[in-house]
Participant: 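This is the structure I want to talk about, given as structure tokens.
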Amino acid sequence: MGVVKLFSRLLTTWVAFLYPAFASYKALSHRPVSEPELERWVKYWTVVGVFVGAEYLLEWLVSWFVLLSLREGVYFAIYFDVDRFPLYWEVKTAAVLYLALPQTQGSTYIYNTYLGPYFQRNEVNFDRNIETAQTSIVLFAKERAQALIQFAWNAVTQAQAQVRSQQEANANPATAPPAGSPAAVVSSLWKTYGSSIITGISRAANTAQGEELNVAARAQTPQPGLQPRNSYTAEE
């Protein structure tokens, strides 16, 4: 399988691209220009362009199968390598040979029979759709670029504001809290009643300490008419 794929790739590259490119050069460079030869290769490149575009699209569609689970209603995407399909490279090589070889001139037949008349019937629609697509792409790219620039500008502005705030905080570590905030209310109440609260607490502490000292002094002073328990009289 690998040898067939390698041989098909080499043959396709030579027959489909290298040889037609050199033949197109000869048709354009020789004077006088051979109109039939030039027309033939223009038709060939037109057919090959459509063939390559269709090949890319079909390979993607064939490579990804969407399966529906009837029980759960869930979609699954399963990838299949198109190289594993039987005779894929053989059929592709045969199609390229049919289009490119001067003995068959398949590209001329396909262009004159199918592709040319189709383009002629839909030329106006193709021109309009191409112009609309180009305009949409330009507008989309412009909008995305503007959004990206605006995002970058906002990010830079925000970073600068954070740096300035950090610098101000470092310069003034004791900044006042904003008005109306809980911290501001607590600070205002403390400024108004803090000294009174501290004075009252200090007086209460001093009073309690004085009472404790008085009680201790009264406990140590003997009362009149009472003798200590362990004292002995002279009669004993």
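Any value given below was found using the heavy atoms of this structure, including those in side chains, with hydrogens, waters and symmetry copies removed.
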Participant: Working note: F22 + F17, criterion side-chain contact (heavy atoms from CB on, under 4.5 Å); need CA distance, chi angles, decisive distance, verdict.
Facilitator: CA-CA 9 Å; F22 181 70; F17 300 105; over 6 Å; no
Participant: Do other residues, nucleotides or ligands put more than 12 heavy atoms under 6.0 Å from Q146 CD?
Facilitator: yes
Participant: What is the minimum heavy-atom distance between T93 and L11, and which atoms define it?
Facilitator: CG2-CD2, 3.5 Å
Participant: Can you find a heavy atom in the side chain of W89 that is under 4.5 Å from one in the side chain of F7?
Facilitator: no
Participant: Can you tell me how far OG1 of T157 sits from CD of Q162, rounded to the nearest 0.5 angstrom?
Facilitator: 11.0 Å
Participant: If you look at every heavy atom in R9 and T13, which pair is closest and at what distance?
Facilitator: O-OG1, 2.7 Å
Participant: Do the side chains of Y111 and Y118 get nearer than 4.5 Å, heavy atoms only?
Facilitator: no
Participant: Give the cluster check for V48 versus Y25: same hydrophobic cluster or not, with ILVMFWY residues linked at side-chain heavy-atom distances below 4.5 Å.
Facilitator: no
Participant: When you check the gap from the basic side-chain N to the acidic O, do E55 and K92 get nearer than 4.0 Å?
Facilitator: yes
Participant: State, yes or no, whether a side-chain contact exists between L148 and R144 at a heavy-atom distance under 4.5 Å.
Facilitator: no
Participant: Any side-chain heavy atom of Q105 within less than 4.5 Å of one from Y44?
Facilitator: no
Participant: Verify the cluster assignment for V138 and I130: are they in a single hydrophobic cluster under the rule of side-chain heavy atoms below 4.5 Å apart?
Facilitator: no
Participant: Do Y56 and L115 share a hydrophobic cluster, counting only Ile, Leu, Val, Met, Phe, Trp and Tyr and linking them when any side-chain heavy atoms are less than 4.5 Å apart?
Facilitator: yes
Participant: Keeping T113 on the side-chain end and I110 on the backbone end, is there a donor-acceptor pair under 3.5 Å?
Facilitator: no
Participant: Under a 4.5 Å cut-off applied to non-hydrogen side-chain atoms, are L99 and V47 in contact?
Facilitator: yes
Participant: Considering only heavy atoms from C-beta outward, does the side chain of F51 approach that of V96 to under 4.5 Å?
Facilitator: yes
Participant: So, do E35 and E39 sit near enough that their side-chain heavy atoms are less than 4.5 Å apart?
Facilitator: no
Participant: For F119, enumerate each residue passing the ring pair (Phe, Tyr, Trp, His ring centres under 6.0 Å) test, keeping only those at least two apart in sequence or located in another chain.
Facilitator: F126
Participant: Could you check whether Q150 and N154, counting side-chain N and O atoms only, form a donor-acceptor pair closer than 3.5 Å?
Facilitator: yes
Participant: If I compare all heavy atoms of A16 with all of P20, which pair ends up nearest, and what's the gap?
Facilitator: O-CG, 3.4 Å
Participant: Linking I/L/V/M/F/W/Y whenever their side-chain heavy atoms sit closer than 4.5 Å, directly or via other members, would Y114 and V52 fall into one cluster?
Facilitator: yes
Participant: In Å and rounded to the nearest 0.5 Å, what is the CG to NZ distance from L38 to K43?
Facilitator: 11.0 Å
Participant: Nearest 0.5 angstrom please: E143 CD to L139 CG, how far?
Facilitator: 6.5 Å
Participant: Are P102 and R40 packed together at the side-chain level, in the sense that at least one heavy-atom pair is separated by less than 4.5 angstrom?
Facilitator: yes
